[in-house]
Each structure stands twice: as structure tokens, then as C-alpha cells.
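The structure under discussion appears below in the form of C-alpha cells.
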Protein chains: 2
Amino acid sequence: MKQETRKEEIIRVAAKLFKEKGYSAVTMRDLASEMGIKAASLYNHINSKQDILDTIIISLAEEFTEGMHIIQSSRENCIGKLKQIIQLHVKISSQNIYGMASLNNDWMHLKTKRDYYKKLRVDYEDDFRGILKEGIASGEIVDVNPEVMMFSILTTLRSLYIWIPKKEDLNLEELSSTLNQILIDGINK
Amino acid sequence: MKQETRKEEIIRVAAKLFKEKGYSAVTMRDLASEMGIKAASLYNHINSKQDILDTIIISLAEEFTEGMHIIQSSRENCIGKLKQIIQLHVKISSQNIYGMASLNNDWMHLKTKRDYYKKLRVDYEDDFRGILKEGIASGEIVDVNPEVMMFSILTTLRSLYIWIPKKEDLNLEELSSTLNQILIDGINK
DNA sequence: TTAACAAACTAACAATTGTTAGTTTACATG
DNA sequence: CATGTAAACTAACAATTGTTAGTTTGTTAA
């Protein structure tokens, strides 16, 4: 079990505050106070407020990109790949509840890394859409506007971080399979 | 066609900026500059920055509450009510693309009206969940955790404001019926 | 004991924040 | 012309912002 460095601890606490109030509304004094130190002391460990946000968002975005590449190169059919995507989101979101908030809501406050982030996101969505189109072509999934299909599934998955903490009783395997059922088979009987 | 007052114009422009950068990151000078005037001049029309946010969020939240009450008192069955809810979200979101961003992302910056907003939201979710539970009981919809079902549908609907502007070609009737199909019947063939 | 280093501190900075006070301008109504 | 009003302006404020410089403290290694 690797020890958490002081820098990692600051980033973790920052992510928690960013989730509660958003990046812009969190001051370095807020963050320092939560750490039990003075604001200036933070700079022994981190370079800037901006750097904290960059780290939180980019590391998560790259994790999703990596997961998508693995799924794409798997030999599953389309529905199988979708189920793997759902699992990927459940896994990453549950392990990074706080960071997911920044990824969703504060990416526009990136500066030098903003274009890189956007490329990762666009590529991810292209891959996702590609899987859906393949499924339509092969007759695996229903022939409906793939854009709306992707939107519907992806926004649900991207918002998982809001709901997961509320349901500590619900285990993650169960959540994944319930989401599979709802997102893929619908709710109609 | 009622003329837009200067105050309404400021609120509309503010909502647009809030969508781009979030409430906290938008300064009164940003807003004034977008209006083509000086920051101090804004105060001839509005009371405070906080007031602008209150107005944007509460008016939208009340609009959703009102819509839900009408749907609940209708004589539709459960699936019919769900379709009406989808229509409600498509309608309000398309008419208030900017405001919806504040409703989703900046409600935590409400002060005196925060508890009132939270009550509206909790009540709305209770009503929504009630419709789902009724549908499960009557055998209309599949017997799956209603919490996850609501989460899935509601987050998709709440995020509509992100996607609607990108697809100007897609008309709203069509979007509603595509969403009906995807959210209710799923994507599996 | 001494040297090195991690990690805290105090004090201060220049810039930016929301907001107020008081004034000016332009136009419509009597 | 005189008056009232809507809507802009300039100037300034006290508070807060992210950050830097320089210093102190406590622990570890030689």
C-alpha cells in the first residue's frame, strides 16, 4: 500500500472542495484551512491552483481514454462493448467521485491543457459513436439517431459521481448490471 | 410580443456567461462589458449579482414544479406520464438553454433561496419516483431499482441543455420522440 | 553535533472583486 | 422651455484573490 504524499493529499482535498463549490469559488485559503495549514504553505508542495486542476482533470481523462482503447481492441460484439463501457464508468467514477465533478464542470477553466483535454473528449466520443454505428449496421441495436443514443447513455454515465455517494448500500457490481438493463433494454415491460 | 426590459436583458446575458464559465468566474465587469456598459451601471437595473442567480434558478425550478403537477393530475398511465415529463424537459430546456446550466451547476451558490430550491428539487424527484413505483406496481414497467431508473432518465433530461444547441437541424418533436424510444424501450434490438 | 531537508510559518504584494455615491446625458412629456 | 426620468458615467471603497520572499521549526542522516 503506497503512502500518499503531501502533494497527493492536497490534490485529493482540493478535488473534494471543487466538487462542493466549483473550482472558481474555492480559494487557496479555503484549501489550506481544510488541510489545517496556511495558504502560503501549500506552495511548498504545488506550483499553482491551476496546476491542481490540470492534474485532476487530465489524469482522469487519460484514464478514460486508456479504458476505451482496451475495450475497442477486445473481441466483444457491440452490446458487449457497451457493457464494458458502462463498467468502465462505474469503476472510475466510484474511485474518483470528487475528481469526476471537476472533469464535468470545471474543464473550461483549464488553460494550456484545454485543447488537449478537448481532443481526448472528442476522440472518446468518436470511438463511442463508432461502436453504436457498428451495432446499428450489424443489426445488433435499434436503428435510431446514434447521436441521441450516445448523448443519453453518456450523460447518464458522466453523472454517476452525483448519485454513487448517495447509495452506499448499492454495490458496484449490482449498479453496473442494473444500468446495463436500463440503458440497453429500457424500462418498458 | 412583449418587449424585453433592460433588467431582463441583463439576466439573459448573465445566464449566457454563467453557462460558459460558471457563476463564480463571471465578474460584474464581464457582464457589463458584454452589455456594452460599465459595471456600476448594472446597478441601475439589478440589486446584486446574487439576485441575478436567484432569479434565473428559482424561476426555472418553479416552471418544472408547475409542469410536474399538471402531469400528475392528468389521466395518463405511467408510461404516458413519463413521455409527458420528457416533453416537459425538452420544452423548458430548449427555451432556456443558458439558464439550465445555472440550475444544474450553480444552485449551490444560492444563499437565502437555497433551502427553497432544494425543497422544490426533492419534491420533484419524489413525484418522479412515485410515477415509476406506480408503473412497477401495475406491471407497466420493468421491476428494477426505481432509484437507478430515475437517476438514469433524469440526468439525461437535465443535461439536454448541453446537447440541444449542437443539433439545430434536429427539431424538438423529433428529439422528444427519439428520447421516448431510447429512454423507455432501450437500444437493444 | 552538524548538515540537510521537508514543511510549516509571517508578512506583504499587486490585482481583482462586488458595490456605493454622486454626477451627467439624452429623451419624452407637460 | 421646464421638468422628470431612465440609464449611463467617473471615482472610489474595503475585502478578497493567488502568489512570493524570507524565516522558523522539527526530523533525519552523516
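Labels below follow one simple rule: chain letters A, B, ... track the order of the sequence lines, proteins then strands, and each chain is numbered from 1.
In summary, the side chains of A/Thr155 and B/Thr155 do not present any donor paired with an acceptor at a separation below 3.5 Å, with no hydrogens or angles considered.
Counting to the nearest Å, the P atom of D/dT10 and the CD1 atom of B/Ile37 are 12 Å from each other. Here the C1' atom of nucleotide C/dC9 and the CG atom of A/Leu42 are 12 Å apart, to the nearest Å. The interatomic distance linking A/Asp51 (CG) with D/dG18 (P) rounds to 14 Å, in whole Å. Rounding to whole angstrom units, CZ of residue B/Arg6 and C1' of D/dC9 are separated by 14 Å. What separates CE of B/Met28 from P of D/dA8 is a distance of 13 Å, to the nearest Å. The OH-P distance, from A/Tyr43 to D/dT19, rounds to 3 Å in whole Å. The CD1 atom of B/Ile10 sits 14 Å away from the P atom of C/dG18 (whole-angstrom rounding). Look at CD on A/Glu9: it is 14 Å from C1' on C/dA6, rounded to the nearest Å.
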Please produce a list of atom pairs where a protein N or O lies less than 3.5 Å from an N or O of nucleotides 21-28 of chain D.
none

Could you go through nucleotides 14-16 of chain D and list every protein N or O atom that sits under 3.5 Å from one of its N or O atoms, giving the distance for each pair?
none

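For B/Ser41, taking side-chain heavy atoms from C-beta onward, the closest of the listed nucleotides C/dA7, C/dG18, D/dC9 is D/dC9.
Heavy-atom distances to DNA chain D give each of A/Asn47 and B/Lys38 a nearest nucleotide, and the one nearer the 5′ end belongs to B/Lys38.
Within the 3.5 Å criterion, the main-chain N or O of B/Glu174 finds a donor-acceptor partner in the side chain of B/Asn171. At distances below 3.5 Å, at least one donor-acceptor pair connects side-chain atoms of B/Ser94 with backbone N or O atoms of B/Lys91. Proximity of a side-chain donor or acceptor of B/Thr156 to a complementary backbone N or O of B/Ser152 within less than 3.5 Å is detected.
The aromatic rings of A/His89 and A/Phe64 sit tilted relative to each other, their planes meeting at an angle between 30° and 60°.
Judged by a 6.0 Å distance limit and a 45° cone about the ring axis, A/Lys49 is positioned over the six-membered ring of A/Tyr23.
The shortest side-chain heavy-atom distance between B/Ile58 and B/Trp107 does not fall under the 4.5 Å cut-off.
Phosphate contact (OP1/OP2 of C/dG18, side-chain N/O of B/Lys49, threshold under 4.0 Å): present. Side-chain N/O atoms of B/His45 include one lying less than 4.0 angstrom from OP1 or OP2 on D/dA7.
Rounded to the nearest 0.5 Å, atoms CZ (B/Phe18) and CG (B/Asp30) are 10.0 Å apart.
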Please table the atom pairs, donor to acceptor, closer than 3.5 Å between any side-chain atom in residues 128-141 of chain A and protein atoms at least two apart or in another chain.
| unit_1 | atom_1 | unit_2 | atom_2 | d |
| --- | --- | --- | --- | --- |
| A/Arg129 | NH1 | A/Glu147 | OE1 | 3.0 |
| A/Arg129 | NH1 | A/Glu147 | OE2 | 2.8 |
| A/Arg129 | NH2 | A/Asp126 | OD1 | 2.6 |
| A/Ser138 | OG | A/Glu134 | O | 3.3 |
| A/Ser138 | OG | A/Gly135 | O | 3.3 |
| A/Glu140 | OE1 | A/Cys78 | N | 3.1 |
| A/Glu140 | OE2 | A/Asn77 | ND2 | 3.2 |
| A/Glu140 | OE2 | A/Cys78 | N | 3.2 |
| A/Glu140 | OE2 | A/Ile79 | N | 3.1 |

